[in-house]
Amino acid sequence: MAGRVEEAGGEVPAIQTVQRAATILQAFSASRPRLTLTELTADLKISRATAHRYARALRSANLLRFDVATATYTLGPQILAMEAAARAALPIVTAAEPYLDRLMQSTNLTTVLSVWNGEAPTVVRCMDNTTGDVRLSVRTGSPLDLTRSAQGRVFCAYLPPTQSPVVARQLRGSASLRAVVDRVLRDGYAVNSPEDFGVRVLAAPVYEHGQVVAALAVLGTDAALTGAAQATAAGHLVEVAGELSEGLGSAVG
């Protein structure tokens with residue numbers, strides 16, 4: 001049957017195969033660069049034999065490597081080529097690197113860059129702050145909630161409605177979201193809904209040639225990012241986001 005692939009016990013839709021392969025690749029991070037088959041199986045929530053078949057297929061495509069000595073998998077060399085292509089398609093990631101680092105140094109908070117994927121923000125770079133007692137991070141490639149995340153609220157506030165029908169629909173249907181957008185436009189930055197996870201995120205718009213292209217954000221615990229600490233962090237965030245926008249060809253102020 002078209003669009004389906006064989007797997008032990010029957011056929012699996014091709015989209016599910018892609019999703020499972022993506023889950024394997026997304027399991028790796030800077031803090032978890034090496035994973036055993038058991039760890040991959042746990043992430044996928046499928047049998048060990050099935051996880052092994054996916055891993056073997058990814059190895060054949062050079063997307064995974066297997067170290068016999070340690071019996072662990074790592075991301076393969078093809079990932080580096082894909083990363084280079086992604087950075088070429090999103091030059092803002094490279095341009096934003098020094099600004100993310102400077103913002104992290106000035107706030108002692110993890111910094112995040114997100115871009116609009118057509119329906120929601122997607123994280124394209126996260127620079128972890130490792131100096132505090134609590135380390136917070138966001139996985140690259142993670143989609144963010146449009147109305148509850150600080151980055152989503154930035155795009156709700158600054159994207160032209162003609163460029164984003166999904167944002168226009170949300171705004172038409174929610175008076176509370178319109179009130180949030182008004183605060184973002186007044187303050188110049190957005191705050192998330194931290195009661196979900198106890199993590200507070202502040203985000204500000206980044207412009208390129210006058211158009212919003214990204215959201216720059218800092219994140220910390222809800223307890224640490226409050227009151228005067230939030231105001232100080234917000235000041236640094238808005239300043240650095242403005243400087244990045246100027247570097248991308250947009251006048252600020």
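Nearest heavy atoms, G188 versus A204: O-CB, 3.9 Å. The two residues A224 and A229 make their nearest non-hydrogen contact at O-CB, 3.3 Å. Here the shortest heavy-atom pairing between A214 and I92 reads CB-CD1, 3.6 Å. Closest approach of T140 and C126 over heavy atoms only: OG1-N, 4.3 Å. The two atoms that bring R153 and A190 nearest to each other are CB-CB, 3.9 Å, heavy atoms only. The two atoms that bring V112 and S114 nearest to each other are CG1-OG, 3.9 Å, heavy atoms only.
Residues T23 and R20 have side chains that never bring a donor and an acceptor to within less than 3.5 angstrom of each other. Using modelled atom types and a 3.5 Å distance limit, the side chains of T38 and T41 yield no donor-acceptor pair.
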- [ ] Take V206 and V212 through the test side-chain contact (heavy atoms from CB on, under 4.5 Å) and record every step on the way to the result.
- [x] CA-CA 6 Å; V206 174; V212 63; over 6 Å; no
TODO: Please step through side-chain contact (heavy atoms from CB on, under 4.5 Å) for the pair L185 and Y158, ending with a clear verdict.
DONE: CA-CA 8 Å; L185 294 172; Y158 294 100; 3.6 Å; yes
Open item on the list: Please determine whether side-chain contact (heavy atoms from CB on, under 4.5 Å) holds for the pair L146 and Q170, giving the CA-CA distance in whole Å, both sets of side-chain angles, and the decisive distance to 0.1 Å.
Closed with: CA-CA 9 Å; L146 176 60; Q170 291 281 355; 3.8 Å; yes
Task: Worked verdict on V191 versus V201 for side-chain contact (heavy atoms from CB on, under 4.5 Å) - done: CA-CA 6 Å; V191 184; V201 182; over 6 Å; no
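Under the salt bridge (Lys or Arg N to Asp or Glu O under 4.0 Å) criterion, R186 pairs with no residue, sequence neighbours left out. Residues that satisfy the salt bridge (Lys or Arg N to Asp or Glu O under 4.0 Å) test with R102, not counting sequence neighbours, are E243. Applying the salt bridge (Lys or Arg N to Asp or Glu O under 4.0 Å) criterion to R34, with sequence neighbours excluded, gives D67.
In this structure, L37 and H52 have side chains that are in contact, with non-hydrogen atoms separated by less than 4.5 Å. The closest side-chain heavy-atom distance from Q211 to P160 is below 4.5 Å. Put simply, the side chain of V154 does not reach to within 4.5 Å of the side chain of Q151, judged on heavy atoms. Put simply, the side chain of L109 reaches to within 4.5 Å of the side chain of L225, judged on heavy atoms. Using a 4.5 Å heavy-atom threshold, the side chains of F155 and V184 count as separate. The shortest distance between side-chain heavy atoms of L216 and L103 falls below 4.5 Å. With a 4.5 Å cut-off on side-chain heavy atoms, Q230 and Y189 count as touching. Residues R178 and V181 are not in side-chain contact: their nearest non-hydrogen atoms beyond the backbone lie 4.5 Å or more apart.
Taking CD from Q78 and CG from L64, the interatomic distance works out to 12.0 Å, rounded to the nearest 0.5 Å. Residue L35 holds its CG atom at 11.0 Å from OH of Y73, rounded to the nearest 0.5 Å. Once rounded to the nearest 0.5 Å, the distance linking CG of L244 with CD of E239 reads 12.5 Å. Atom CG of D101 sits about 9.0 Å away from atom CZ of R125, to the nearest 0.5 Å. With values rounded to the nearest 0.5 angstrom, N129 atom CG is found 7.0 Å from T107 atom OG1. Here CE of M104 is found 8.0 Å from OG1 of T110. Values are rounded to the nearest 0.5 Å.
Between W116 and the options T122, V213, V167, a side chain to side chain contact (heavy atoms under 4.5 Å, CB included) holds for only V167. Here the options are L202, T232, T111, the test is side chain to side chain contact (heavy atoms under 4.5 Å, CB included), and the partner is L237; only L202 passes.
Within a 6.0 Å sphere centred on CD of E119, heavy atoms belonging to other residues, nucleotides or ligands number 12 at most.
Using a distance-only test at 3.5 Å, with no hydrogens or angles considered, no donor-acceptor pair links the side chain of S142 to the main chain of V138. With hydrogens and angles ignored, the 3.5 Å screen pairs a side-chain donor or acceptor of E39 with a backbone N or O of T36. Proximity of a side-chain donor or acceptor of N192 to a complementary backbone N or O of T147 within less than 3.5 Å is not detected. With hydrogens and angles ignored, the 3.5 Å screen pairs no side-chain donor or acceptor of R200 with any backbone N or O of T221. Side chain of S164 to main chain of L159: no donor-acceptor pair is present (N/O by atom type, distance under 3.5 Å, no hydrogens or angles). Between the side chain of S245 and the backbone N or O of Y207 there is at least one donor-acceptor pair closer than 3.5 Å.
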